[in-house]
Amino acid sequence: MNKERKLIIAGNWKMNKTVAEATDLLADLTRDLAAVKEVDIVVCPPFTALQSVSKAILETKNIKLGAQNMSENNFGAFTGEICAGMLKEFSVRYVILGHSERRLYQKESDALIAKKASAVHAAALKPIVCVGETLAEREANQTEKVLETQVRGSLAGLTKEQIVETVLAYEPVWAIGTGKTATTQQAQDAHAFIRRLLAKMFDEAAAKKVRIQYGGSVKPANAKELMSQLDVDGALVGGASLEARSFADIIKNSI
Ligand code: PEP
């Protein structure tokens, strides 16, 4: 698939996988994906498995490491938090921010996510910033309004140089882990809306460079059609990234 922006497909393992399971999964992915060069591939294990996966990832040339969250602060008295300096010890390159589960369960606000995004950039890491509407919001025709609030709020304070190094993930909350995928048209419309908004917030040239992933029940069977949309530049994959075969097939089917 010849696209203006290189696809980026990330697996969010969430609160799954022991150290042994995580290293096994990475070994299988390394074998299955060795020949893939066309896609930036990222895996985001839980914090407890970062060290072992980071060692195993040294053997691979084409799989990068991501974390699922990060503190906006850097070292100090913040019990239970993990900062950029700690993630960098394990060669982490990407950090997922503002996942809808954290927005819901940890009550993360757009303002907090913006602080975290700035901290991620300050450490020369790349954030994957998640946005997306709930089913009630979509049914009330509020999708664009919600996306605009989240995008403006979560990216507040970023510079033009930083936005082009930021990945956005459009994840309609109603499609996460539910088996319901947005139609390709719904995904493309939301992605195009986000890109137009980025052009207003930054400029046209920067907006064209930003990669926008789709997330929400992506599977091998729907990956190709989703990735063929003009403004869909990859995927953030939850459930289907927990098994090597399905994650590898999503990536291979997207090329
Ligand atoms: C996610 O949680 O980011 C996600 C997209 O999950 P799933 O693929 O399981 O819907």
Side-chain angles (χ1 to χ4, degrees), residues 7-17 21-22 25 29 33 39-47 49 64-70 92-108 110 113 116-117 120 126-135 137-138 143 146-147 150-151 154 166-184 186-188 190-191 194 211-227 229 231-254:
L7 290 178
I8 174 163
I9 300 184
N12 174 10
W13 297 357
K14 307 194 183 184
M15 198 171 71
N16 294 293
K17 304 292 176 192
E21 288 167 348
L25 177 52
L29 290 174
L33 294 169
V39 179
D40 284 336
I41 304 168
V42 183
V43 293
C44 305
F47 289 131
K64 303 275 184 293
L65 194 56
Q68 298 174 20
N69 178 37
M70 195 188 95
V92 165
R93 306 281 190 85
Y94 293 87
V95 185
I96 299 173
L97 295 178
H99 190 279
S100 60
E101 287 152 12
R102 294 197 64 84
R103 288 178 183 267
L104 178 65
Y105 303 130
Q106 274 73 36
K107 305 280 176 273
E108 288 199 356
D110 292 326
I113 295 159
K116 292 185 179 204
V120 168
K126 294 181 204 292
I128 299 177
V129 177
C130 305
V131 296
E133 81 288 359
T134 62
L135 186 57
E137 289 163 344
R138 176 164 282 270
T143 300
V146 170
L147 292 180
Q150 292 182 347
V151 170
S154 307
T166 300
V167 178
L168 287 182
Y170 168 61
E171 298 208 303
V173 178
W174 48 272
I176 295 180
T178 58
K180 284 185 199 155
T181 318
T183 64
T184 47
Q186 284 171 326
Q188 167 57 27
H191 284 228
I194 292 170
R211 293 184 291 180
I212 308 175
Q213 298 175 313
Y214 170 78
S217 299
V218 176
K219 303 183 254 325
N222 59 24
K224 191 182 176 74
E225 206 188 330
L226 283 163
M227 296 312 129
Q229 299 301 303
D231 289 290
V232 177
D233 310 311
L236 183 55
V237 185
S241 73
L242 294 176
E243 203 253 310
R245 170 64 84 81
S246 49
F247 190 56
D249 282 351
I250 286 171
I251 291 166
K252 289 177 188 166
N253 292 353
S254 298

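First listed ligand is number 1; within each ligand, the first listed atom is number 1.
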- Task: May I ask you to decide if Gly98's main-chain N or O and Arg103's side chain share a donor-acceptor pair within less than 3.5 Å?
- Result: yes
- By number and element, which atoms of ligand 1 are closer than 4.0 Å to a non-hydrogen atom of Gly216? 5 (C), 10 (O)
- Note on the structure: Looking only at protein heavy atoms, what sits closest to atom 2 (O) of ligand 1 is Lys14 NZ, 2.4 Å
- Note on the structure: For Leu25 and Ser241, the nearest pair of non-hydrogen atoms, with its separation, is CD2-O, 3.7 Å
- Task: Find all atoms of ligand 1 within a distance of less than 4.0 Å from any non-hydrogen atom belonging to Glu171, and give their numbers and elements.
- Result: 1 (C), 3 (O), 4 (C), 5 (C)
- Query: Just which atoms of ligand 1 are under 4.0 Å from any heavy atom in Gly177?
  - Reply: 7 (P), 9 (O), 10 (O)
- Message: Can you see whether Asp231 engages Gln188 through a side-chain donor-acceptor pair at a distance of less than 3.5 angstrom?
- Response: yes
- Task: Kindly confirm or rule out an N or O of Thr178 lying under 3.5 angstrom from an N or O of ligand 1.
- Result: no
- Message: Counting non-hydrogen protein atoms only, what is the nearest one to atom 8 (O) of ligand 1? Give residue, atom name and distance.
- Response: Gly238 N, 2.8 Å
- Query: Taking Ser217 for the side chain and Thr181 for the main chain, is one N or O donor matched with an acceptor at less than 3.5 Å?
  - Reply: no
- Has Arg93 got more than 12 heavy atoms of other residues, nucleotides or ligands less than 6.0 Å from its CZ? no
- Which ligand 1 atoms does Ala175 reach within 4.0 Å, using its non-hydrogen atoms? 10 (O)
- Query: With distance as the sole test, does Ser154 use its side chain to make a donor-acceptor pair with the main-chain N or O of Val151 at under 3.5 Å?
  - Reply: no
- Query: In the protein, what heavy atom is nearest to atom 1 (C) of ligand 1, and what distance, to one decimal place, separates them?
  - Reply: His99 NE2, 3.2 Å
- Atom indices of ligand 1, in the order listed, that fall short of 4.0 Å to a heavy atom of Gly239: 7 (P), 8 (O), 9 (O)
- Task: Describe, in one word, how the ring planes of Tyr170 and His191 are oriented to each other, choosing from parallel (under 30°), tilted (30 to 60°) and perpendicular (over 60°).
- Result: perpendicular
